[in-house]
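Data first, discussion second: the structure below is written as structure tokens.
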Amino acid sequence: MAVGKIWVFAEVAGGKPTPVALELLTKARSLAGTVEAVAFAPDAADAAGDLGAHGATTLYAGTDPLWGELLLGGPAADALATLIQEHQPDLVLFGMTYNSRDVAGRLAAKLGVPVIANGLDVSDADGVTVHSSVFGATLNVATRFEGGGPAIAIIRPKSFVAEPSGGAAAAVTQVTSPIDEKHKASRVTDRVADVAAGPKLEEAPIVISGGRGLGDPKNFELLDRLAAVLGNAAVGASRAVVDAGWVPYAMQVGQTGKTVKPAVYLAFGISGAMQHTVGMKGAKAIVAVNRDENAPIFKLADLGVVGDALKVLPALVEELQRRRS
Amino acid sequence: MKVVVCVKQIPDPNTTGQLDPTTHLLKREGVEVVLDPGDEFGVEAGLQLVEAQGGEVTVVSMGPERGVDAVRKALAMGAAKGVLISDDALRGSDALTTARVLAAAIRREGFDLVITATESTDGYTGVVPQMIAELLDVPAVTFAKTLEVDGTTLKVKRQTEAGFDLVESALPAVVSVTAGVNEPRYPSLKGIMGAKSKPLDRLTPGDLGLDGAGGGTAGQGITGVEPAPQRAAGSIVKDDGEGYKLIADFLAEKKVI
Ligand SMILES: Cc1cc2nc3c(=O)[nH]c(=O)nc-3n(C[C@H](O)[C@H](O)[C@H](O)COP(=O)(O)OP(=O)(O)OC[C@H]3O[C@@H](n4cnc5c(N)ncnc54)[C@H](O)[C@@H]3O)c2cc1C
Ligand SMILES: Nc1ncnc2c1ncn2[C@@H]1O[C@H](COP(=O)(O)O)[C@@H](O)[C@H]1O
């Protein structure tokens with residue numbers, strides 16, 4: 001099956017598509033002649049400019065105000081199923097995010113087609129194939145869709161670099177099918193953000209992460225001070241310290257947290273379990289500080305310092321202040 | 001309240017998994033297996049709900065015969081009943097087939113709430129819960145950091161990229177819980193002994209009105225497996241008190257300061 005038409009499911013917030021939607025559009029352009037986007041949000045149509053600039057010629061937009069209050073999965077899968085029947089895309093791409101995963105799972109069950117999750121790349125040599133890596137990124141696996149369409153793939157954020165195509169704003173086609181009553185049984189009553197100020201974890205050129213080796217939640221302050229003196233850094237964490245309640249989940253890097261690809265990743269007191277390293281091994285350079293010279297993180301590090309993070313951190317902050325002045 | 005918790009037996013996550021070179025299926029022979037640690041949170045969440053509100057927890061699992069150990073562990077923790085669906089033809093099932101089998105078993109039991117983990121530790125596709133919800137035609141309240149049931153309303157703090165959403169949903173529903181939602185209990189000795197006499201249904205897909213393969217279709221196939229390229233070795237140095245300088249130099253060399 002050659003891919004003629006690819007759809008990208010875009011999440012839109014504040015009129016802006018999420019970065020992963022633009023990454024997926026960039027990839028889709030290299031695979032198919034027709035690339036279109038679908039979005040459900042009260043302000044979905046406002047994303048037509050950004051989506052068009054990354055290759056979507058059409059945006060199917062559901063703009064009922066209810067989209068802002070309901071869980072996305074159920075109603076979006078309904079609406080997509082109807083649209084797919086009418087327009088017959090060969091492949092629908094989703095980002096591996098909470099909401100998109102909900103939509104993709106429900107949609108696949110509704111259509112009775114398989115879904116391949118956790119993709120890192122997608123190709124179309126001999127049928128649509130999704131490439132992923134398993135067992136802590138020690139093995140690369142290629143999985144091909146073999147049944148009838150559409151193929152549904154869920155791709156991890158940061159798998160591709162978003163590049164503008166220079167295209168015009170996508171033509172907006174309003175999705176008019178009403179939201180079924182049953183979906184109103186669950187509602188989002190409030191949205192709470194608990195991430196710190198400063199650059200976002202996924203976008204910062206430097207990511208400084210701390211793990212259980214920092215010993216105490218208050219030592220995360222040392223990472224904040226280092227981030228402050230660097231200016232272009234965000235602070236992340238291993239799951240061990242998130243589960244222990246030291247820092248919010250939004251800071252977790254890894255398989256069940258965020259994927260980051262900064263220019264430099266610094267790991268302090270993190271052992272380097274494979275579920276952590278899947279989320280950061282795409283960094284251009286990796287620095288690790290760990291007391292244990294056998295810590296697996298040193299296998300990935302470009303620079304590894306075997307020592308006490310609690311000594312190295314304050315000294316590093318002072319050194320950088322000195323070099324700055 | 002009738003709570004059904006989906007639990008899966010997986011290869012011990014502390015060992016590196018392997019694929020069979022010819023079938024490309026996960027190697028299960030000669031590998032230690034455990035109840036997925038992620039599912040322990042689901043069992044605990046279910047037990048806490050019925051302890052507060054009355055009712056019963058049933059655990060449902062699809063997997064090979066020896067998966068009965070995972071079901072027994074959940075029974076030892078306090079679940080009232082277990083269901084294990086096994087069939088050779090289910091080996092290597094994809095997410096949709098798994099969801100079809102589980103949904104059929106859950107329907108047979110009846111439910112107010114279905115609890116799953118957000119993703120399995122071995123497969124981590126993370127779509128089975130949503131698929132079950134679609135097949136049962138109920139809401140899927142996914143990625144719950146906390147959950148409570150107030151009368152017939154489920155209230156959840158749902159994980160988001162930036163923090164969390166407060167979500168309210170009518171029952172029946174499917175909820176998937178994140179790790180850390182609670183502190184799973186250890187089975188007591190009394191629990192372990194008692195588990196042996198609790199009801200445990202062993203079913204085949206046929207008993208659920210499905211064909212041997214669970215109604216699955218061969219919609220996807222693995223076409224290649226190869227070792228991932230590893231990063232080149234870096235320089236590892238012992239901190240002699242000046243390690244911080246090496247890091248500062250490294251940052252300067254990478255032009256990020
Ligand atoms: C399904 C599943 C999903 C998971 N997802 C994730 C995920 O998304 N992200 C994630 O991070 N983990 C994840 N994990 C958990 C992962 O397996 C590890 O348990 C976790 O990453 C360990 O965190 P850590 O490195 O902080 O702690 P530890 O493994 O306890 O390591 C602490 C390290 O600190 C070092 N240390 C101690 N004191 C000092 C000191 N003073 N100075 C310097 N070094 C010191 C120690 O030598 C040790 O290496 C997942 C696990 C499972 C089963
Ligand atoms: N074979 C199975 N038996 C019982 N529950 C399962 C099975 N597969 C998946 N689940 C449930 O669905 C969750 C998500 O699985 P997955 O979508 O495979 O990542 C798991 O954590 C389990 O709670």
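The structure displayed is predicted, hence computed values, not measured ones. Naming convention: chains lettered A, B, ... in sequence-line order (proteins, then strands); numbering from 1 in each chain.
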Could you tell me if the side chain of M131(B) sits less than 4.5 Å from the side chain of V115(A), heavy atoms only?
yes
How far does OG1 of T223(B) sit from NE2 of H131(A), to the nearest 0.5 angstrom?
7.0 Å
Rounded to the nearest 0.5 Å, what separates atom CZ in R323(A) from atom CD1 in I257(B)?
6.0 Å
Among D239(B), L171(B), L166(B), which residue has the highest count of heavy-atom pairs closer than 4.5 Å to chain A?
L166(B)
Which of the residues P139(B), G243(B), S235(B), A99(B) is involved in the greatest number of heavy-atom pairs with chain A at under 4.5 angstrom?
S235(B)
Which atoms of [X] approach chain A - backbone, side chain, both or neither, heavy atom under 4.5 Å:
X       : answer
K238(B) : both
E242(B) : neither
T178(B) : neither

Between D137(B) and K182(A), does at least one N-O distance fall below 4.0 Å, as a salt bridge requires?
yes
Does any donor atom in the side chain of E226(B) or N140(A) lie under 3.5 Å from an acceptor atom in the other side chain?
no
Heavy-atom proximity to chain B below 4.5 Å, by part of K110(A)
both
side-chain contact (heavy atoms from CB on, under 4.5 Å) with V225(B): of L139(A), T143(A), V134(A), only one passes, and it is L139(A)
Choice from V130(A), V317(A), L313(A), V312(A) maximising heavy atom contacts with chain B below 4.5 Å
V312(A)
Would Q220(B) and I116(A) count as a side chain to side chain contact (heavy atoms under 4.5 Å, CB included) if you check the C-alpha gap in whole Å, the side-chain angles of each, and the deciding distance to 0.1 Å?
CA-CA 8 Å; Q220(B) 62 188 67; I116(A) 301 178; 3.8 Å; yes
